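See below for the structure under consideration.
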Amino acid sequence: MQPKNLKRLLRALGRQGLDVTYNNHTYSVRLANSPDFPVAEVLLPEGFPIEAKALKQLTNLASVRHPSGGCVCRACATPDFHPGDAGVAIGSVVETVGQVIPSAVGSDINCGMRLHVADLTIEQFLAKRDEFVERMKGDYFFGTRDVTMTGQAMQALFQYGVPGWLDAMLDRPTGSVVKSDLQQLAEESDAIFLGGSMDGDWKLAPEELVPDAGLVRDGGLATIGGGNHFVEVQRIDKVENRTLAHAWGVREGQLAFMIHSGSRNVGKYIGGMWRDKAKAVWPKNLKYPDSQIFPLSTSSHPELVASYLQAEATAANYGFVNRLLLAELLRLRLREVYKDVEAPLVYDLPHNITLPEGEGWVTRKGACPAHVGQPVIIPGSMGAYSYLMVGRGNPAFCNSASHGAGRIRSRFDLNRRGASESEAELGLTGVDCITLREERRIEEAPAAYKPIQSVIDVQVAAGMVDVVARLSPVLTFKA
DNA sequence: ATGTGC
């Protein structure tokens, strides 16, 4: 997007002994004196120039090396690659041994996607659209939702994620979930990545959310959050892989519900705390790295590495339950409005998380795990198709795939110029966006994003994923 | 990402 900046960056990288080449849709940054080993690689479709700032951030991330020991074995980026605020680009994947990098996940711990389908035609849905939308607006925007739960349930949630929380809820159901089928929720945890359960520690959660006695009335649970987060009603537009779609319970013409959200303020709290801790334990006699990205080394601080991973898992557990509850409110309202409608879970997948893989860890920031057979959910903008995919496990891209289309225009740009552009220019013609904030609708307009089709195609061509089904948007809730 | 900041 910034050819001048890019030229300057390439010259600067050259001075550091780094070469950038473009071949087979992939930008590769290599050490000039060892051209066989790429420092970092970015997959981009034809016609999408690389952003200098994002490439610089990826090169910085690839160079993170704790002085006490630890290395980055591989760094790469998916085609939705764009600059991030905290010095780490969105769409970065980094494989580390002997160190973990808290800021490579950042604040939005266990941001991810959840997909449900329902046997309801688009005509049946639209016939009662207004009533349904009003109820969801109440839950998502006006706080009519009731997610009250016991301190014990919150502790179990942070400690064990979905299954632990469900046990506590079965023991003492509270709030809206009283009307849910908790048995169905238990069976569905198979369709959540890692069963929706990581090794957390409730003592690492924000104190006010884990009382020993009494109830937590809200805790921020079942809220969508800002930015690119959303809840979207969709239609299964086209099935490409009948075998997998059938196995996953997906059929053409079904209604679908896609949820994009994360661990909200809990992730912000834990991500921020550990970014600061990693900085605080940087060796006193050494200057800070220019990138301001601080790893934790297993050699010098094994206990901090372990507790960071447990803290990240604690926030991740909250993220799983947050998406589950956003979906549960949808299902409750769906049954009220449309009667006897089932809306089974297809899959729930994080795209912002550290996972033990190989000899160390893989940290994905805005990138899906896409190992062989893994269901992968990739949303387009609110005016474009979204995709249900299956992973093919390409090790060249750390068994990963993009988490969306990726921004091409900044929020700042849309805020400044968007209001004076036409609906057609913004790509908003025919888009049914439900929000209380007009500026959000413009910031997140389809024109802010890359065309999803080329982002999907380049990843299929690279052997990272295959399409299972294509979903078209019906209406989108944006907080 | 964040009831935020260009």
Side-chain angles (χ1 to χ4, degrees), chain A residues 1-2 5 51 53-54 57 61 78 80-93 101-114 137 140-143 145 205-206 208-209 218-231 259-276 292-293 311-312 314-316 318-320 322-323 326 349-354 363-368 379 381 402-420 435-444 448-449 477-479:
Chain A
M1 299 299 121
Q2 308 146 333
N5 290 352
E51 285 182 82
K53 188 176 175 187
Q57 289 181 342
L61 184 63
T78 54
D80 53 351
F81 189 52
H82 60 279
D85 296 346
V88 180
I90 320 299
S92 300
V93 183
I101 309 171
S103 60
V105 177
S107 293
D108 194 11
I109 296 166
N110 190 8
C111 183
M113 305 296 306
R114 187 174 172 106
K137 275 168 78 174
Y140 289 157
F141 304 151
F142 301 130
R145 73 196 198 290
E208 65 276 16
L209 296 187
D218 174 323
L221 280 163
T223 57
I224 297 174
N228 58 356
H229 289 177
F230 65 80
V231 171
I259 292 165
H260 183 190
S261 188
S263 54
R264 312 286 291 102
N265 278 314
V266 174
K268 184 190 166 162
Y269 166 85
I270 285 176
M273 177 185 293
W274 285 87
R275 179 201 55 217
D276 295 346
Q292 293 290 312
I293 304 173
E312 199 199 305
T314 304
Y318 182 92
F320 283 125
N322 185 43
R323 283 194 294 275
L326 283 165
L349 181 72
H351 53 228
N352 236 54
I353 203 155
T354 304
T363 297
R364 296 178 176 86
K365 185 182 179 66
C368 298
S381 75
S402 83
H403 82 311
R407 272 196 171 269
I408 40 171
R409 288 183 61 187
S410 68
R411 261 171 233 296
F412 177 61
D413 182 35
L414 268 293
N415 268 321
R416 195 181 43 174
R417 300 195 299 143
S420 62
T435 180
L436 303 180
R437 302 178 58 187
E438 173 64 9
E439 67 270 30
R440 180 77 73 209
R441 200 176 70 93
I442 294 173
E443 282 172 8
E444 290 294 311
Y449 288 91
F477 294 93
K478 278 278 194 181

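Just so it is clear, the structure is predicted and the values come from calculations on it, not from any experiment. Residue numbering restarts at 1 for every chain, and letters A, B, ... go by the order of the sequence lines.
- The distance from atom CZ of A:Phe141 to atom NZ of A:Lys478, rounded to the nearest 0.5 Å, is 10.5 Å.
- With hydrogens and angles ignored, the 3.5 Å screen pairs no side-chain donor or acceptor of A:Thr314 with any backbone N or O of A:Ala205.
- Regarding contacts with the backbone of B:dG3, a side-chain N or O of A:Asn265 is found under 4.0 angstrom from either OP1 or OP2.
- Computed from coordinates, the A:Lys53 NZ to B:dC6 C1' distance equals 11 Å when rounded to whole Å.
- Regarding contacts with the backbone of B:dT2, a side-chain N or O of A:Arg264 is found under 4.0 angstrom from either OP1 or OP2.
- As rounded to whole Å, 11 Å separates atom P of B:dG3 from atom NE2 of A:His229.
- Rounded to an integer number of Å, the gap from A:Arg437 CZ to B:dG3 C1' is 8 Å.
- B:dC6 atom P lies 14 Å from atom CD of A:Glu443, rounded to whole Å.
- Between A:Leu414 atom CG and B:dT4 atom P the separation is 20 Å, expressed in whole Å.
- Separation of atoms CG (A:Asn352) and NE2 (A:His403) is listed at 7.0 Å; rounding is to 0.5 Å.
- Listed for the A:Ser261 side chain is a donor-acceptor partner under 3.5 Å among the backbone atoms of A:Ile224.
- If you take CZ of A:Arg440 and C1' of B:dT4, they are 10 Å apart, rounded to a whole angstrom.
- Whole-Å rounding puts the A:Lys478 NZ to B:dG3 P distance at 14 Å.
- Counting to the nearest Å, the C1' atom of B:dT2 and the OH atom of A:Tyr269 are 16 Å from each other.
- For A:Phe412, the listed nucleotide lying nearest its side chain is B:dC6; candidates were B:dG5, B:dC6, B:dT2.
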